[in-house]
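A short worksheet on the structure shown next.
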Amino acid sequence: LLLLSIGINTIVDFNFIDSPPVQNITAAYEQLYAMCAIDAESRLTELGAKLVQLPVSPYSARAIIESFNLGCSNEVCTICAVLESGSPLFYAPREEMKSAETSIKSFWDHEGDHITILNTYKAWEQSNESAQWCQENHVQYRTLRKAQAIRDQLLQCSKLIGLDNE
């Protein structure tokens, strides 16, 4: 998506240092087309131009853009920020496995991991972003701090591309 946005239209012929397999490039085109980021001629769409301006994966960017239409942008930006942080949210040392499982289950939601992530982030915010709370609940403090910075950046970038926060 980024290569298309800077005018490189034939990615298969691009001179990569370490070229990915052609089938990976083809699959990427298909995925970008399925999410309406490119058109049938592999040109960037208006949506694709917005996706590339958000500093996250195209999937996360698409979810964020759609969240503004659905009125849940703060929540989706939070979830995407934790996922994009690249670090585990929970930790469970062997000697504290039972305690860790109990803590982690307290955030669990039957609707899935994304809501569990959101529940955990909100609980951390309610604790005044306490490192002690993280330790007691087997949550990675650094992951939440990193996610907070990413979330702020996503909301800022969203505003810059014309998305309105509710």
Side-chain angles (χ1 to χ4, degrees), residues 1-3 5 17-18 20-21 23-25 27-28 30-32 34-37 47-166:
L1 191 62
L2 182 59
L3 292 173
S5 76
I17 293 172
D18 187 17
Q23 50 278 45
N24 290 8
I25 295 171
E30 290 170 358
Q31 291 168 2
L32 292 173
M35 69 171 60
C36 302
L47 174 61
K50 284 185 177 182
L51 293 176
V52 79
Q53 292 181 57
L54 292 171
V56 291
S57 72
Y59 298 110
S60 290
R62 178 65 196 260
I64 290 166
I65 289 170
E66 199 57 40
S67 74
F68 280 88
N69 298 328
L70 299 172
C72 55
S73 58
N74 286 323
E75 293 83 356
V76 171
C77 283
T78 299
I79 293 165
C80 288
V82 173
L83 293 172
E84 294 282 337
S85 74
S87 302
L89 181 57
F90 299 106
Y91 70 94
R94 287 186 198 269
E95 63 276 0
E96 298 176 32
M97 193 60 80
K98 284 282 188 206
S99 173
E101 285 178 10
T102 303
S103 294
I104 294 166
K105 282 182 182 178
S106 71
F107 305 113
W108 183 82
D109 191 282
H110 72 279
E111 291 189 31
D113 291 345
H114 293 106
I115 304 304
T116 300
I117 289 168
L118 184 61
N119 289 343
T120 306
Y121 189 93
K122 284 182 174 182
W124 173 66
E125 282 185 321
Q126 290 173 350
S127 78
N128 292 317
E129 301 166 3
S130 166
Q132 178 68 33
W133 178 90
C134 287
Q135 186 175 11
E136 291 166 2
N137 288 282
H138 302 279
V139 175
Q140 296 279 9
Y141 179 73
R142 278 191 244 166
T143 299
L144 290 175
R145 276 287 181 214
K146 187 175 181 182
Q148 185 179 48
I150 293 169
R151 180 183 182 278
D152 292 345
Q153 184 181 14
L154 290 173
L155 290 169
Q156 203 171 33
C157 289
S158 296
K159 194 174 189 176
L160 290 173
I161 63 172
L163 299 172
D164 293 324
N165 201 357
E166 57 288 338

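These figures come from a predicted structure and were not determined experimentally.
Within a 6.0 Å radius of CD in Q156, no more than 12 heavy atoms belonging to other residues, nucleotides or ligands are found. Open room surrounds CD on Q135; 12 or fewer heavy atoms of other groups in view lie less than 6.0 Å from it. Around CG of N128, the count of heavy atoms belonging to other residues, nucleotides or ligands within 6.0 Å does not exceed 12. Residue-environment remark: CG (D113) stays at or below the threshold of 12 foreign heavy atoms within 6.0 Å.
One distance of note links OG of S106 with CG of N137; it measures 6.0 Å at 0.5 Å rounding. Here the CD atom belonging to E136 is positioned 4.5 Å from the CD atom belonging to Q132, to the nearest 0.5 angstrom. How far OG of S5 is from NZ of K50: 15.5 Å, rounded to the nearest 0.5 Å. The CG atom of L144 sits 8.5 Å away from the OG atom of S85 when rounded to the nearest 0.5 Å.
Counting heavy atoms from C-beta on, the side chains of S158 and I65 never come closer than 4.5 Å. Side-chain contact between C134 and R142: absent, with no pair of heavy atoms (C-beta onward) separated by less than 4.5 Å. Considering only heavy atoms from C-beta on, M35 comes within 4.5 Å of P58 through its side chain. Using a 4.5 Å cut-off on side-chain heavy atoms (C-beta onward), L54 and S60 make no contact. Using a 4.5 Å heavy-atom threshold, the side chains of Y59 and Q31 count as touching. Residues V82 and L118 have side chains not in contact (no heavy-atom distance under 4.5 Å, counting atoms from C-beta outward). Proximity of H114 to L83: side-chain heavy atoms (C-beta onward) are separated by under 4.5 Å at one or more points.
Between F90 and F107, the two ring planes are parallel [angle under 30°; tilted spans 30° to 60°].
P55 and L154 make their closest contact through CD-CD2, 4.1 Å (heavy atoms, listed as atom of the first residue, atom of the second, distance). When all heavy atoms of L155 and C77 are compared, the pair lying nearest together is CD2-SG, 3.7 Å. When all heavy atoms of H138 and S99 are compared, the closest pair comes out as NE2-OG, 3.3 Å. Minimum interatomic distance between L51 and R62 (heavy atoms only, all atoms of both residues): CD2-N, 3.3 Å.
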task = Apply the test side chain to side chain contact (heavy atoms under 4.5 Å, CB included) to residues I115 and H110: give CA-CA distance (whole Å), side-chain angles for both, the deciding distance (0.1 Å), then the verdict.
result = CA-CA 8 Å; I115 304 304; H110 72 279; over 6 Å; no
task = Show your reasoning for whether side chain to side chain contact (heavy atoms under 4.5 Å, CB included) applies to Y121 and I79.
result = CA-CA 8 Å; Y121 189 93; I79 293 165; over 6 Å; no
Verdict with supporting geometry, I64 and F68, side chain to side chain contact (heavy atoms under 4.5 Å, CB included) = CA-CA 7 Å; I64 290 166; F68 280 88; 3.9 Å; yes
message = Applying side chain to side chain contact (heavy atoms under 4.5 Å, CB included) to E75 and S67, what does each step give before you reach the verdict?
response = CA-CA 8 Å; E75 293 83 356; S67 74; over 6 Å; no
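A side-chain donor-acceptor contact under 3.5 Å links E84 to the backbone of S57. Judged by distance alone, with hydrogens and angles left aside, the side-chain atoms of T116 form a donor-acceptor pair with the main-chain N or O of D109 at under 3.5 Å. Panel note: side chain T143, backbone P88; a donor-acceptor pair is recorded below 3.5 Å.
Judged by distance alone, the side chains of R145 and Q148 do bring a donor and an acceptor atom under 3.5 Å apart.
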